[in-house]
K.L.:
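Structure in structure tokens, see below.
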Protein chains: 2
Amino acid sequence: MKRYAQWLEDANLKKTETRLKILQILDQEHAFLSADDIHQRLLKELPKVPISTVYRVLEALTQHALVSSVNVDHKKEMLFELAHEHHAHHLICLTCHQVIHIEECPVESLERSMLTKYGFKIESHSLEFYGHCKTCQEHR
Amino acid sequence: MKRYAQWLEDANLKKTETRLKILQILDQEHAFLSADDIHQRLLKELPKVPISTVYRVLEALTQHALVSSVNVDHKKEMLFELAHEHHAHHLICLTCHQVIHIEECPVESLERSMLTKYGFKIESHSLEFYGHCKTCQEHR
DNA sequence: TTTTTAAATGCAATTGATTGGCATTTATCC
DNA sequence: GGATAAATGCCAATCAATTGCATTTAAAAA
């Protein structure tokens with residue numbers, strides 16, 4: 001728990017029990033969890049935390065870069081995980097929905113190697129860039 | 001309108017006015033629209049179509065590969081566009097939210113060229129692969 | 001052309017995820 | 001320990017999407 005307290009301190013966030021536990025849950029799972037998943041696990045230890053608090057904690061942790069969130073195509077809820085220092089991509093199984101982290105920053109031509117290396121058969125992929133377009137860069 | 005009727009016919013879908021108009025809207029916009037965006041535009045021509053019908057039409061069109069849908073990170077609604085034959089990626093402006101289609105299948109190392117070519121300054125990107133993991137492939 | 005019928009629609013209520021207001025509690029600073 | 005701003009609990013509201021059911025309609029059959 002010390003570690004998590006330190007993370008919060010480094011991020012200038014108050015050390016509350018809920019935040020500590022949520023960090024612990026995310027650290028243990030080491031995978032993407034929905035707000036509801038996190039809430040379920042949290043209730044085992046802190047039986048009366050409402051899910052609105054979970055959302056607020058996740059928002060704070062995300063804003064301070066301790067947590068990162070993604071929208072996986074065709075799932076409507078946001079998913080959360082501990083932020084990695086190095087950015088990562090994911091192999092998302094259409095059948096069992098497991099999420100496999102990969103460290104390569106891959107392209108289409110790597111699909112074959114994903115099959116060899118992970119036995120993962122890619123059906124499709126999405127790649128999106130986020131940033132600022134020319135016009136918006138000029139106007140600020 | 002003939003064209004759209006043909007598309008529906010090729011997909012074995014009944015030619016209804018709502019479907020024709022929605023195809024037209026998507027074709028004219030040539031960009032990602034939310035169900036609500038589409039509904040707004042549709043109401044100008046067919047003033048009493050409920051949004052539930054829009055969702056049902058979009059679902060049918062998507063299932064028959066006339067339309068494709070994406071979840072853009074940090075936007076909670078689904079976005080829809082006419083399906084392209086060739087798969088495409090997008091540059092999504094964090095400021096004005098415009099979506100620019102690109103035909104290259106790009107990688108990290110292409111970020112510089114995006115800046116040169118489109119004046120788009122990439123802040124981050126996401127790349128997700130969808131498919132079937134080893135275990136799930138074996139069990140069916 | 002009329003009849004038949006399965007599919008599509010309209011309408012209203014519902015769900016599921018997320019957010020917000022406001023009173024109360026708590027971590028941190030002094 | 002006391003003051004203060006931030007975090008939480010509670011509960012209602014919102015927003016996107018879905019569903020049940022009665023009605024209408026496109027397209028196939030007669």
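Reminder, nothing fancy here: chain letters follow the sequence lines and each chain counts from 1. Please read these numbers as outputs of a predicted model, since none were measured by experiment.
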K.L.:
Do the side-chain N or O atoms of B/Y55 get closer than 4.0 angstrom to the phosphate oxygens (OP1, OP2) of D/dT18?
P.N.:
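Indeed not, no polar side-chain atom of B/Y55 lies that close.
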
K.L.:
Measure the OH-CG distance between B/Y4 and B/L20 for me, rounded to the nearest 0.5 Å.
P.N.:
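Output value for this atom pair is 9.5 Å.
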
K.L.:
When the distance from CG of A/L20 to C1' of C/dT26 is rounded to whole Å, what number comes out?
P.N.:
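Roughly 14 Å, once rounded to whole Å.
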
K.L.:
Are A/T16 and D/dT8 close enough that a side-chain N or O sits under 4.0 Å from OP1 or OP2?
P.N.:
yes

K.L.:
Between C/dC11, C/dT9, D/dT8, which nucleotide has the shortest distance from any of its atoms to the side chain of A/T53?
P.N.:
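Nearest nucleotide to the side chain: D/dT8.
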
K.L.:
What does B/T18 touch in the nucleic acid at a heavy-atom separation under 4.0 angstrom: a base, only the sugar-phosphate, or nothing?
P.N.:
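It contacts sugar-phosphate atoms only.
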
K.L.:
Between atom CG of B/L61 and atom OG of B/S69, what is the distance when rounded to the nearest 0.5 Å?
P.N.:
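B/L61 CG to B/S69 OG: 11.0 Å, rounded to 0.5 Å.
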
K.L.:
With respect to the phosphate group of C/dT19, does any side-chain polar atom (N or O) of A/R56 fall under 4.0 Å of OP1 or OP2?
P.N.:
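No.
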
K.L.:
With the threshold set at 4.0 Å, does a side-chain nitrogen-carboxylate oxygen contact exist between A/K76 and B/E77?
P.N.:
no

K.L.:
Run through A/L58, A/V67, A/T16 and flag the one making a side-chain contact (heavy atoms from CB on, under 4.5 Å) with A/I22.
P.N.:
A/L58

K.L.:
Go through D/dT19, D/dT8, C/dG16 for me and flag the one nearest to the A/K76 side chain.
P.N.:
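Shortest atom-to-atom distance from the side chain points to C/dG16.
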
K.L.:
Among the candidates D/dG9, C/dA6, C/dT18, find the nucleotide nearest to the side-chain atoms of B/K14.
P.N.:
C/dA6

K.L.:
Which sits closer to the 5' end of DNA chain D, A/A60 or A/K48, going by the nucleotide each is nearest to?
P.N.:
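Nearest-nucleotide comparison on DNA chain D picks A/A60.
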
K.L.:
From the set C/dA8, D/dA7, D/dA17, return the single nucleotide nearest to any side-chain atom of B/M78.
P.N.:
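So the nucleotide nearest the side chain must be D/dA17.
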
